[in-house]
J.: 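Quick one: this structure, given as structure tokens, is what I'll be asking you about.
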Amino acid sequence: MTHHHLEIDSLRIALDGNVLLELDAHIGPGEILTVMGPSGSGKSTLLAWLAGFLAGDFEASGHAHLDGRDITHLPAEQRGIGLLFQDPLLFPHLSVAGNLRFGMPRATRDKPRQVETALEQIGLAGFGDRDPATLSGGQKARVALMRLLLSRPCAVLLDEPFSKLDTHLRQEMRQLVFTQLRQAGLPSLLVTHDRDDAASAGGKVIELTH
Amino acid sequence: MMLRLAPALIVTLLVAPILAGLAMAVLPAFGYLPALGGTEFSLAPWRDLFAQPGLARSVTVSFVSGLATTVVSLTVVLLFLASASGSRLDRWIRRMVSPLLSIPHAAAAFGLAFLIAPSGLISRLISPGLTGWERPPDALIVQDPWGLSLMAGLVIKEIPFLLLMSLAALPQLDPERRVAMARSLGYRPTIAWLKVVAPALYPLIRLPVYAVIAYATAVVDVALILGPTLPPTLSVSILAWFNDPDLSRRFMASAGAVLQLGITAAALVVWWCLERGVACLGRRWVARGGRQRGEQPLRLAGKGLILIATLTAFVGIGSLALNSVAGFWRFPDALPQGFTATHWIRALPSLTGPVASTVIIAAASTLIALALTLAALENEQRTGRHPAQGRLLSALGLLYLPLIVPQIAFLFGLVVVMESLGSRPNHGLVIFGHLLFVLPYVFLSLSESYRRLDPRWSQLGRTLGSSPNAVFWRVRLPLLLAPILTACAVGLAVSIGQYLPTQLLGAGRVPTVTTEAVALASGGNRRAIGVWAMVQASLPLVGFIIAVGLPRLLWAKRRGMRGSP
């Protein structure tokens with residue numbers, strides 16, 4: 001297992017001269033840093049900056065290092081940062097297997113077998129040819145997680161990934177996601193406004209106030 | 001790199017030919033056209049123009065028919081939207097909008113002519129029973145001197161256009177909530193819609209309305225079929241002067257083109273004043289707070305008028321079909337005595353060439369337009385810059401330029417420019433001419449869906465390691481396949497229906513089904529007209545059938561792709 005770590009150095013994001021957010025953080029392998037705050041506190045701006053989608057209107061200073069590599073100015077697809085959204089967002093034009101294959105690096109060996117193994121891991125063996133629209137909410141969420149892991153990211157951003165799930169599913173998905181991320185040794189940053197998410201993640205918590 | 005050039009390329013492609021064309025209409029209008037010996041500026045072309053008999057009448061008919069067509073079409077559309085929302089008629093009309101829009105103007109005009117002519121279908125159905133006519137009455141119904149049939153023909157085609165534009169704009173206004181709110185305050189539904197939705201909708205469809213005014217004041221093909229003849233509308237006169245073997249008449253034609261530009265501009269100015277007036281009266285009407293009165297008649301008019309217009313269009317097409325297969329057909333008989341394929345078989349050899357030309361020109365101009373549109377929209381996504389919408393002077397306003405400057409005013413000049421560049425009339429030139437009109441429609445019909453696509457799809461693709469190009473091909477294109485195909489179908493339909501650009505830039509040497517069908521108008525051979533107009537009407541329909549059918553076929557096993565994103 002590789003030891004990934006994500007560092008955020010004196011980040012400062014401003015909009016029209018007003019400082020939105022200031023942050024310093026170090027996230028080690030398998031660690032989950034939770035960032036909390038009310039809406040408008042700059043949580044999604046932080047994710048956009050880390051993932052490489054920050055709109056041009058924002059002024060950002062500071063650096064992000066992933067495994068010692070400065071990724072601050074890299075295009076999104078070269079950063080090695082994976083993203084899990086509120087919705088599973090399975091590509092509706094691809095099969096379940098097609099979704100899982102979408103993010104796999106070109107050089108991956110024996111893709112069909114890896115896809116099948118991944119499906120077995122989340123209890124969806126034999127679902128490869130299915131239309132994602134026919135899956136249940138929980139099944140979609142698990143496929144989305146596997147698609148993220150199969151793309152071999154070096155760090156992961158979680159954008160309130162459990163907020164749209166039913167209460168019983170929520171607990172189950174938290175378990176699955178956090179366990180998988182820890183096992184893969186990925187530094188993760190979780191953005192949420194749900195205290196239970198933070199407790200369940202078990203890592204450091206930063207509160208953004210504004 | 002190519003992407004960044006796309007917006008500039010589109011603007012140049014649309015604006016440069018129009019400016020060059022206008023310039024080359026204005027110069028000869030004042031006597032300057034060295035190629036024809038005009039080396040000095042003079043007012044002679046204008047003197048010739050004003051000496052033409054019946055000019056005032058031509059100008060009046062052009063001006064009035066443009067404004068009247070727009071008033072009637074817009075009223076019908078707004079009343080329909082106000083009165084029918086949620087009803088069965090509403091759903092039926094919504095389904096009919098696209099096929100109705102795809103019928104070329106010329107085919108719809110022929111259909112109407114076949115319906116209302118003294119020996120047309122309506123007269124046959126009520127004769128001799130109601131009228132006692134044993135022979136067709138000697139009345140000038142089609143091509144009447146006041147242009148009433150011309151206006152009717154235009155109204156039939158402009159209603160679906162304005163309706164589609166309104167339907168595209170409505171969702172952002174959330175009309176259901178507005179109406180529900182007004183109804184909770186005691187307003188009847190139709191009144192509620194007119195008072196709380198219509199005032200917000202109009203600014204969003206203002207440019208399409210201006211396009212209707214411009215089109216209706218300067219139309220050529222419909223006027224050749226339904227318009228008055230002695231004198232014809234100004235645009236038709238200009239075309240006749242331009243095609244006159246006596247080349248010196250081109251100076252007068254140019255002056256006419258400039259006059260046409262002025263008439264369209266005047267119609268737009270008058271409309272703008274009307275807008276102010278209606279807005280002022282409307283504000284008082286809204287503020288007065290009447291909630292009930294007039295609901296019933298408004299509702300009846302809203303549903304009735306659009307029904308009449310839609311049925312007229314379809315029955316007209318039906319009567320084209322009937323004529324194309326009719327054998328001997330005595331006057332008061334509602335149906336022919338027998339049916340025959342002779343007219344089709346006789347037309348077949350001469351159909352193949354024009355059909356092939358039509359398809360090639362339509363496919364080429366649509367593909368070029370699609371590539372440019374996709375490039376510009378993709379560039380907009382990547383740079384994160386969104387053009388201001390609704391404002392007249394934005395990039396979007398420029399898109400409307402070819403739709404608001406009358407074709408006849410700049411296409412002549414463009415022909416002169418092309419001739420002086422040594423370019424011979426050929427398919428390429430015609431494709432270029434069509435592109436001017438296909439491009440705006442393709443862009444307008446695709447841009448909404450493209451901009452509305454959830455940005456998280458491409459963000460997701462990027463974080464999964466795909467480059468922006470890969471995201472475009474693997475995510476955005478497949479997700480947007482349905483709207484892209486619809487935009488293509490619109491582009492094909494626009495190209496297939498073009499008369500003037502084909503006629504002028506092809507110098508009559510590039511025959512398409514549209515130019516051939518319109519050319520038959522003066523001959524009066526109804527069977528041949530039936531065949532050609534049917535072919536002209538069905539070609540665009542093929543495009544729409546593919547646009548609807550292909551996504552269903554491809555995504556048969558993907559439920560999430562039905563009811564496009």
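What's counted below: heavy atoms across the whole structure, side chains too, no hydrogens, waters or symmetry copies. Throughout, protein chains are lettered first and strands after them, A, B, ... in sequence-line order, and every chain is numbered starting at 1.
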J.: By a 4.5 Å heavy-atom criterion (distance strictly below it), what part of Arg147(A) contacts chain B: side chain, backbone, both, or neither?
T.: both

J.: Should we count CH2 of Trp473(B) as having more than 12 external heavy atoms under 6.0 Å?
T.: no

J.: At a 4.5 Å cut-off on heavy atoms, which part of Leu89(A) comes close to chain B: side chain, backbone, both, or neither?
T.: both

J.: So do Arg558(B) and Pro92(A) actually touch side chain to side chain, heavy atoms under 4.5 Å?
T.: no

J.: Is it true that, when you exclude Arg12(A) itself, more than 12 heavy atoms of the residues, nucleotides or ligands shown sit nearer than 6.0 Å to its CZ?
T.: no

J.: Could you give the distance from CD (Gln78(A)) to CZ (Arg462(B)), rounded to the nearest 0.5 Å?
T.: 9.0 Å

J.: Measure Phe102(A) against the heavy atoms of chain B and call it side chain, backbone, both or neither at under 4.5 Å.
T.: both

J.: What closest approach, in Å, do Leu460(B) and Leu83(A) show between heavy atoms, and which atom pair accounts for it?
T.: CD1-O, 4.3 Å

J.: Roughly how far apart are Leu94(A) CG and Leu479(B) CG, rounded to 0.5 Å?
T.: 8.5 Å

J.: Any chance NE2 of His193(A) has more than 12 other-residue heavy atoms, nucleotides or ligands included, within less than 6.0 Å?
T.: no

J.: Is there a side chain to side chain contact (heavy atoms under 4.5 Å, CB included) between Asp87(A) and Arg456(B) once you walk through the steps?
T.: CA-CA 10 Å; Asp87(A) 302 288; Arg456(B) 292 182 304 170; 2.9 Å; yes

J.: What part of Phe53(A) gets within 4.5 angstrom of chain B, counting heavy atoms only: side chain, backbone, both, or neither?
T.: side chain

J.: Roughly how far, to the nearest 0.5 Å, is the CG atom of Asp129(A) from the NZ atom of Lys557(B)?
T.: 8.0 Å

J.: Counting only heavy atoms closer than 4.5 Å, note whether Leu84(A) contacts chain B via side chain, backbone, both or neither.
T.: neither

J.: Stepwise, does the side chain to side chain contact (heavy atoms under 4.5 Å, CB included) test hold for Gln459(B) with Phe85(A)?
T.: CA-CA 10 Å; Gln459(B) 294 181 353; Phe85(A) 291 95; 3.9 Å; yes

J.: For Asp57(A), is it the side chain, the backbone, both, or neither that has a heavy atom closer than 4.5 Å to a heavy atom of chain B?
T.: neither

J.: With heavy-atom distances below 4.5 Å as the criterion, would you say the side chains of Ser467(B) and Glu77(A) are in contact?
T.: yes

J.: With chain A, which of Leu464(B), Asp454(B), Leu481(B) has the greatest number of heavy-atom pairs at distances under 4.5 Å?
T.: Leu464(B)

J.: Answer with side chain, backbone, both or neither: which region of Leu90(A) has an atom nearer than 4.5 Å to a non-hydrogen atom of chain B?
T.: backbone

J.: Where on Pro455(B) is there a heavy atom nearer than 4.5 Å to chain A: the side chain, the backbone, both, or neither?
T.: neither

